[in-house]
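Here the structure comes first, spelled out in structure tokens, and everything after it is commentary.
All values reported here derive from a predicted model rather than from experimental measurement.
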Amino acid sequence: MRMTTQTENTAALRPFVGRTFRIDYGEAMTVLNIYAEDGRTMRYEVLTGAFAGASAEVRYDAVEIDLGLYVLSWQEADKGTVVHVDDFSGGTSRSFYTTATHDFVRMAGTLTRVQAA
């Protein structure tokens, strides 16, 4: 018999697990974040902007800092790093990332749940 850990229980209660969200960062980019049921992996698809067409699956870490407000972080395959402060209750996202070439980018936008395609 497999025991469920506290981390797995917590991950299952997160408002984004198993769901898809569209993040619109204005002219910079629009992204779909597709969160897996495991509470640890997410696939993103860049819909618009300079990186349109890019997609990848990443393992993320998430920490709830207030009700519905999460800090999510991951490292890209090219070693770039990403940190999001996503307010799933309020519908906002702030993104901070360092590219593989050490450029630092900050973006703010809207966060909307969408039905998976």
Item to complete: Go through Leu69 and Asp86 one step at a time and tell me if the side chain to side chain contact (heavy atoms under 4.5 Å, CB included) criterion holds.
Response: CA-CA 6 Å; Leu69 182 63; Asp86 288 344; over 6 Å; no
Fill in: Side-chain heavy atoms of Ser93 within contact of Asp87, under 4.5 Å
no
Worksheet entry | Residues which pass side chain to side chain donor-acceptor pair (under 3.5 Å) with Ser55, listed by chain and number, not counting sequence neighbours | Arg43
Practice prompt. Just jot down the side-chain contact (heavy atoms from CB on, under 4.5 Å) partners of Thr81, sequence neighbours excluded, or say none.
Written response: Gln75, Thr98
Worksheet item: With sequence neighbours excluded, what pairs up with Thr48 under the side chain to side chain donor-acceptor pair (under 3.5 Å) test?
Response: Thr30
Worksheet item: Applying the 4.5 Å side-chain criterion to the ILVMFWY set and letting contacts propagate, would Leu111 and Val58 be lumped into a single cluster?
Response: yes
Worksheet entry | Polar side-chain atom of Arg19 near backbone of Asn33 as donor-acceptor pair, under 3.5 Å | no
Discussion item. Ser73: which residues meet the side-chain contact (heavy atoms from CB on, under 4.5 Å) condition with it, sequence neighbours left out?
Written reply: Asp61, Val83
Worksheet item: Does Leu67 sit in a hydrophobic cluster with other residues, and if so which ones, taking ILVMFWY side chains as linked at heavy-atom separations under 4.5 Å, directly or through other members?
Response: none
Worksheet entry | Ile34 vs Glu45 side-chain heavy atoms within contact, under 4.5 Å | yes
Worksheet item: Which pairs with one or both residues in residues 21-44 pass ring-ring contact (aromatic ring centres under 6.0 Å, His included), sequence neighbours excluded?
Response: Phe16-Tyr35, Phe21-Phe88, Tyr35-Tyr60
Practice prompt. Determine whether Leu72 and Val105 fall in the same hydrophobic cluster, where Ile, Leu, Val, Met, Phe, Trp and Tyr are linked whenever their side-chain heavy atoms lie under 4.5 Å apart.
Written response: yes
Worksheet item: Linking I/L/V/M/F/W/Y whenever their side-chain heavy atoms sit closer than 4.5 Å, directly or via other members, would Val85 and Met29 fall into one cluster?
Response: no
Discussion item. Please list all pairs meeting ring-ring contact (aromatic ring centres under 6.0 Å, His included) that have one or both residues in residues 91-113, counting only residues at least two apart or in different chains.
Written reply: none
Practice prompt. Check side chain to side chain donor-acceptor pair (under 3.5 Å) between Thr99 and all other residues, then give those that pass, not counting sequence neighbours.
Written response: Thr101
Fill in: Which atom of Gly68 lies closest to which atom of Ser89, heavy atoms considered
CA-OG, 3.6 Å
Fill in: Thr41: partners by side chain to side chain donor-acceptor pair (under 3.5 Å), with sequence neighbours left out
Asp38
Worksheet item: Just checking, is any N or O donor in the side chain of Asp24 or Thr110 under 3.5 Å from an acceptor N or O on the other one?
Response: no
